[in-house]
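Ligands are counted one by one from 1 in listed order, and the atoms in each one are counted from 1 as well.
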Amino acid sequence: MALDDSLIEELGIGPVWVRRGVASVAPVEDERPPAESAALVSEAPAPVGMRQAPQPAAPPSALQPESDVPPVDAYDDLPWTDDAPAHAEAAVVEAPSDVHTLDWDALAERVANCERCRLCERRTNTVFGVGDREADWMLIGEAPGENEDKQGEPFVGQAGKLLDNMLRALTLSRQSNVYIANVIKCRPPGNRNPELDEVARCEPYLQRQVELVKPKVIVAMGRFAAQSLLKNEASIASMRGRVHEYRGVPVIVTYHPAYLLRSLQDKAKAWADLCLARNTYREALAALGVEQGAEKGGI
Ligand code: URA
């Protein structure tokens, strides 16, 4: 698959793949120790199509002027800048005992009619999840924003477009080989941070989705999703670049796409995270004896 220059530029990865392996050209300062960061970027090969793509003449997107960025209002205005830990002390909430027995249809119906927390009062739609229910890749975000609440589908705003393009660079898409869900299925009013008890009441649904999809790799997008899945209070910077685990499935932590819309300099890091996810996926396949080329999702 050939990637065009505009996609390379949008992902902010031109400088990474053009000059990878050259220690001094990291487009921005990394939050991880330099050695680890350089290894991750240079070890992560660009997809085949990207190696074939012409050398981008465009400037590093980290240097794009602010005026190229859509106004803040155009984003899915989720509280990704908030400093409060998402997990903190998990609220103790009794889970409905039968959720882990539900099949897809029953689970979707249960979520659609859910009144387990106050978020049901102001939602337009629940946002269950979208994509291939047998995907090898599962992406997990935080909670629906305004557009998602209206349409009942995760990541349909500007952040969703960026996410789709990032997936496309890995030959992944929500139409064919990825499943996308959120930690929280109803929009928190005003896009406030979900409360601990809301997370706890919603958690059985995501757990069951993971059980049903049986992904080979999970990508947690943003601090909130990562902290909720991994049950910690760690920073994104400290969680990135490592393989975590959620109920036996490897988890890679990356930035939330809405954050990337505003922090262009971190897109290259997000690309490195996706490359780590891809390597992790390949390792999972190899451990299962699946031959290269026979994989279901991603190059
Ligand atoms: N941000 C999320 O985390 N999830 C969505 O569905 C939309 C925006």
Side-chain angles (χ1 to χ4, degrees), residues 69-87 108 111-112 114 117 119-120 122-133 135 137-167 172-175 178-196 198-199 201-203 205-206 209-210 213 215 218-230 236 239-240 246 251-263 266-267 270 273-274 277:
V69 183
V72 170
D73 293 351
Y75 301 143
D76 304 357
D77 49 343
L78 282 156
W80 42 261
T81 51
D82 191 59
D83 287 335
H87 176 58
V111 168
C114 183
C117 80
L119 295 182
C120 68
R122 291 172 63 182
R123 73 181 176 221
T124 311
N125 289 294
T126 53
V127 178
F128 181 64
V130 69
D132 176 6
R133 290 176 170 184
W137 288 67
M138 186 159 174
L139 274 75
I140 300 180
E142 174 176 336
E146 189 181 356
N147 294 320
E148 291 77 18
D149 175 65
K150 278 189 194 139
Q151 297 183 40
E153 180 171 330
F155 289 99
V156 291
Q158 288 296 317
K161 275 188 202 144
L162 174 60
L163 178 61
D164 285 342
N165 282 336
M166 294 172 78
L167 292 176
L172 296 170
S173 88
R174 66 173 82 193
Q175 282 80 31
V178 168
Y179 191 79
I180 305 177
N182 285 313
V183 171
I184 297 280
K185 311 299 187 209
C186 299
R187 182 191 183 207
N191 296 333
R192 67 158 167 78
N193 257 346
E195 304 282 347
L196 293 179
E198 294 160 357
V199 175
R201 287 175 198 281
C202 225
E203 191 173 19
Y205 301 135
L206 182 64
Q209 285 175 302
V210 173
V213 175
I218 291 175
V219 179
M221 298 178 290
R223 178 186 56 79
F224 180 91
Q227 289 181 344
S228 300
L229 285 181
L230 303 176
I236 280 278
M239 287 187 275
R240 288 184 54 247
Y246 176 76
V251 175
I252 305 301
V253 173
T254 192
Y255 295 106
H256 193 285
Y259 167 80
L260 292 175
L261 287 173
R262 305 193 61 173
S263 303
D266 283 333
K267 282 185 180 176
D273 298 335
L274 289 181

Sequence-distant partners of Asp149, salt bridge (Lys or Arg N to Asp or Glu O under 4.0 Å), two or more places apart: none
With Arg123, which residues qualify under salt bridge (Lys or Arg N to Asp or Glu O under 4.0 Å), at least two apart?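 Salt bridge (Lys or Arg N to Asp or Glu O under 4.0 Å) list for Arg123, sorted by chain: empty.
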Could you tell me whether the side chain of Glu148 and the main chain of Val156 form a donor-acceptor pair under 3.5 Å? yes
Between Glu148 and ligand 1, which residue portion shows a heavy-atom distance shorter than 4.0 Å: side chain, backbone, both, or neither?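 Glu148 to ligand 1: side-chain contact only, backbone stays beyond 4.0 Å.
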Which bit of Ala143 is near ligand 1, meaning a heavy atom under 4.0 Å away: side chain, backbone, both or neither? backbone
State, with a plain yes or no, whether a side-chain heavy atom of Leu229 is found less than 4.5 Å away from one of Val253. no
Side-chain touch Leu162/Gln158, heavy atoms, less than 4.5 angstrom: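 Result no, sub-4.5 Å side-chain heavy-atom pair not found.
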Just which atoms of ligand 1 are under 4.0 Å from any heavy atom in Gly141? 3 (O)
Those atoms of ligand 1 less than 4.0 Å from some heavy atom in Glu142: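 Answer, ordered by atom number: 2 (C), 3 (O).
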Below 4.0 Å from ligand 1: does a non-hydrogen atom of Asn182 turn up there or not?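 Under 4.0 Å: yes for Asn182.
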For ligand 1, is Met221 a contact, meaning one of its heavy atoms is under 4.0 Å away? no
Distance check, rounded to the nearest 0.5 Å: Asn182 atom CG versus Phe155 atom CZ?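 Answer rounded to 0.5 Å: 5.5 Å.
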Could an N or O of ligand 1 be found under 3.5 Å from any N or O of His256, whether backbone or side chain?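 Yes: some nitrogen or oxygen of His256 is under 3.5 Å from one in ligand 1.
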Looking at ligand 1, does any of its N/O atoms fall within less than 3.5 Å of an N/O of Pro154? no
